[in-house]
2 protein chains.
Amino acid sequence: MASQTEENYLKSLFNLANPQGEVNISDLANQMQVSMPTVNSMVKTLQKSGWLIYEKYKPVTLTSKGQKEAALIIRKHRLTEMFLVNKMGFGWEEVHEIAEQIEHIHAPKLFERMDEMMGFPTIDPHGSPIPDKQGRIQEINYLSLSKIKAGQTVILAALANSSTEFLEFLNSRNLSLGTELHILSKEAYDHSIVVSYLNHPGETLSEKVCEKLLVQILDI
Amino acid sequence: MASQTEENYLKSLFNLANPQGEVNISDLANQMQVSMPTVNSMVKTLQKSGWLIYEKYKPVTLTSKGQKEAALIIRKHRLTEMFLVNKMGFGWEEVHEIAEQIEHIHAPKLFERMDEMMGFPTIDPHGSPIPDKQGRIQEINYLSLSKIKAGQTVILAALANSSTEFLEFLNSRNLSLGTELHILSKEAYDHSIVVSYLNHPGETLSEKVCEKLLVQILDI
DNA sequence: CAATTATGTTAGATGAATCTAACAATATAC
DNA sequence: GTATATTGTTAGATTCATCTAACATAATTG
Ligand SMILES: [Mn+2]
Ligand SMILES: [Mn+2]
Ligand SMILES: [Mn+2]
Ligand SMILES: [Mn+2]
């Protein structure tokens, strides 16, 4: 069984993987906030347990066993976040840190009960998909708000970043998942946009914000 | 901040303390399922952090800081057990192992929400008191069923032992906290007793079982 | 393509939590 | 009150997860 530390490495590896499934040692060191030699020795350990493939001077790649394990930890994380929001009254900006700890609890029944009590949700409070019990993830291809043309109407469906600061910014503007946004105009100079939505007739959003808002186009 | 390992030592120390607050190294080693040298080095570490008083060849004693810390971990454990039973539908025999892990989560709000959602319970699913936020425990002096005379009527209020096996035994006899028991007779030879209760007109309970059933006398 | 920069590895050390083997102190029993 | 048993300590080793310093390889760029 993977240690708590190893589980966190697996999650980072899963999230950092490029389309070919590769992860650089330096990116992993940066993500985990440890030195490269630490990562170097950890990837050797993870390889010995069959979680990944490692060859000197090459980027590492999770094995399918490693991918599944990572996805199942992410499943526990996201189920927990959803449970905290839906069943315990937490705000979406409060749950990540708690889930970061609870994802390491070994108690299959706990997470099954959460799942059951919530009616088997498929997304977490930030719009990210919850992997199923087999570790399969249903990737949904949302569009970034920064790619949408003026005049269109979209629904806020997910976030490309879920940091507390960003979530608190969204709270301050009453923006939540499901909000219907009308793109009124786009500024050519700085790529900021002006949107209108419930009780907010004209709100300006910077490019930095728009990039992180993932939306679905409303075809009426 | 105490590590998960240190937290488990603090809990054991709290539970093993005799009326003078003293704990033997060998009892602690036995409880923690580690060797005596391991305990010896750990108590030195715990002393350095101010959790306990240690002098060579003498039993150790938790400081008041150590007692409070232990009580607050026990609080998290018992709140969790109660939450799992009352809010998530677990049986009282399923929750200890999960609580053993969740008690180490650092998230004050999580436990405050549990507490709130349950209406600030004062006992856990096994009848043990839940320490308050200041780490104070309200000790209730129940009587062991083995001390009760024939002819009396009592209410099952708590358990002196909450092992899964014992809880499953109680489940098999439909015995739960709050059950009203009529002591019909006592066997002088083996100290077993015969009780009657809801749908059980005559159930024999061994001395071993009676010792672990804590009751309140019903004064009608 | 040579120089510079970025990325990755080795070596050696540290602190936490554990072990076994050997020894020391204290308590108990005859 | 000495012998025996119980309890506790020291010494030395191990594994895990981390570090820094030094060195090696690979990629980028003028
Ligand atoms: Mn999260
Ligand atoms: Mn984590
Ligand atoms: Mn318990
Ligand atoms: Mn524990």
Side-chain angles (χ1 to χ4, degrees), chain A residues 1-18 20-62 66 69-70 73 100-101 103-104 106, chain B residues 1-18 20-62 66 69-70 73 100-101 103-104 106:
Chain A
M1 205 159 44
S3 71
Q4 209 153 305
T5 307
E6 289 172 318
E7 288 189 348
N8 284 333
Y9 275 93
L10 291 178
K11 260 200 331 164
S12 289
L13 282 158
F14 191 93
N15 289 325
L16 291 174
N18 68 14
Q20 291 83 57
E22 298 167 337
V23 180
N24 288 188
I25 302 296
S26 74
D27 292 346
L28 187 51
N30 186 56
Q31 173 77 19
M32 293 296 297
Q33 293 282 286
V34 296
S35 68
M36 284 209 290
T38 298
V39 170
N40 186 267
S41 82
M42 181 52 87
V43 297
K44 286 172 180 171
T45 305
L46 291 171
Q47 183 190 37
K48 277 179 200 130
S49 307
W51 301 118
L52 54 74
I53 305 296
Y54 164 68
E55 280 175 273
K56 260 195 187 184
Y57 294 108
K58 288 192 181 167
V60 298
T61 314
L62 282 178
E69 188 71 9
I73 299 159
E100 202 56 54
Q101 298 177 63
E103 69 191 0
H104 305 293
H106 295 291
Chain B
M1 204 159 47
S3 70
Q4 207 152 307
T5 307
E6 288 173 320
E7 289 189 348
N8 284 331
Y9 275 94
L10 291 178
K11 262 199 331 165
S12 289
L13 281 159
F14 191 93
N15 290 324
L16 291 172
N18 68 16
Q20 291 82 54
E22 298 167 336
V23 179
N24 289 189
I25 302 296
S26 74
D27 291 345
L28 187 51
N30 186 57
Q31 174 77 18
M32 293 296 299
Q33 293 281 286
V34 296
S35 69
M36 284 208 291
T38 298
V39 170
N40 186 267
S41 80
M42 181 53 86
V43 296
K44 287 173 180 171
T45 304
L46 291 172
Q47 183 190 37
K48 276 178 202 134
S49 307
W51 303 117
L52 53 74
I53 306 296
Y54 165 68
E55 281 176 89
K56 260 195 187 186
Y57 295 108
K58 288 191 179 168
V60 297
T61 313
L62 282 178
E69 186 71 8
I73 299 160
E100 202 55 54
Q101 299 177 63
E103 68 191 1
H104 304 294
H106 295 291

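The chains referred to below are lettered A, B, ... by the order of the sequence lines, with proteins before strands, and numbering in each begins at 1.
Residues from residues 3-14 of chain B that place a heavy atom under 4.0 Å from any atom of DNA chain C, listed by number: B:S3, B:T5, B:Y9. Annotation: proximity of residues 27-36 of chain B to DNA chain D (heavy atom, distance under 4.0 Å) is found for B:M36, numbered in ascending order. Sorted by residue number, the members of residues 40-56 of chain B with any non-hydrogen atom under 4.0 Å from DNA chain D read B:N40, B:K44, B:Y54, B:K56.
Using a 4.5 Å cut-off on side-chain heavy atoms (C-beta onward), A:V60 and A:E55 make no contact. At least one side-chain heavy atom of A:L28 sits under 4.5 Å from a side-chain heavy atom of A:S12.
Between B:T38 and C:dC19 there is a side-chain polar atom (N or O) within less than 4.0 angstrom of OP1 or OP2.
Atom CD1 in A:I25 sits roughly 14 Å away from atom P in D:dA26 (whole-Å rounding).
Using a distance-only test at 3.5 Å, with no hydrogens or angles considered, a donor-acceptor pair links the side chain of A:Q101 to the main chain of B:H106. Side-chain N or O atoms of B:N18 include one that pairs as donor or acceptor with a backbone N or O of B:G21 at under 3.5 Å. A:Q47 places a side-chain N or O within donor-acceptor distance of the main-chain N or O of A:Y54, the cut-off being under 3.5 Å. Within the 3.5 Å criterion, the main-chain N or O of B:S3 finds a donor-acceptor partner in the side chain of B:E6. Between the side chain of A:S49 and the backbone N or O of A:L46 there is no donor-acceptor pair closer than 3.5 Å.
With respect to B:L52, the side chain to side chain contact (heavy atoms under 4.5 Å, CB included) criterion is satisfied by exactly one of B:V23, B:T61, B:L13: B:L13.
Of all nucleotides listed (D:dT20, C:dA25, D:dA26), D:dA26 comes nearest to the side chain of A:Y57. Of the candidate nucleotides D:dT10, D:dG8, C:dG8, C:dG8 has the atom nearest to the side chain of A:S26.
Side-chain atoms of B:H104 and B:E7 form a donor-acceptor pair, as typed in the model, at a separation below 3.5 Å.
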Hey, mind stepping through A:K11 and A:E100 against salt bridge (Lys or Arg N to Asp or Glu O under 4.0 Å) and telling me if it holds? CA-CA 11 Å; A:K11 260 200 331 164; A:E100 202 56 54; 2.6 Å; yes

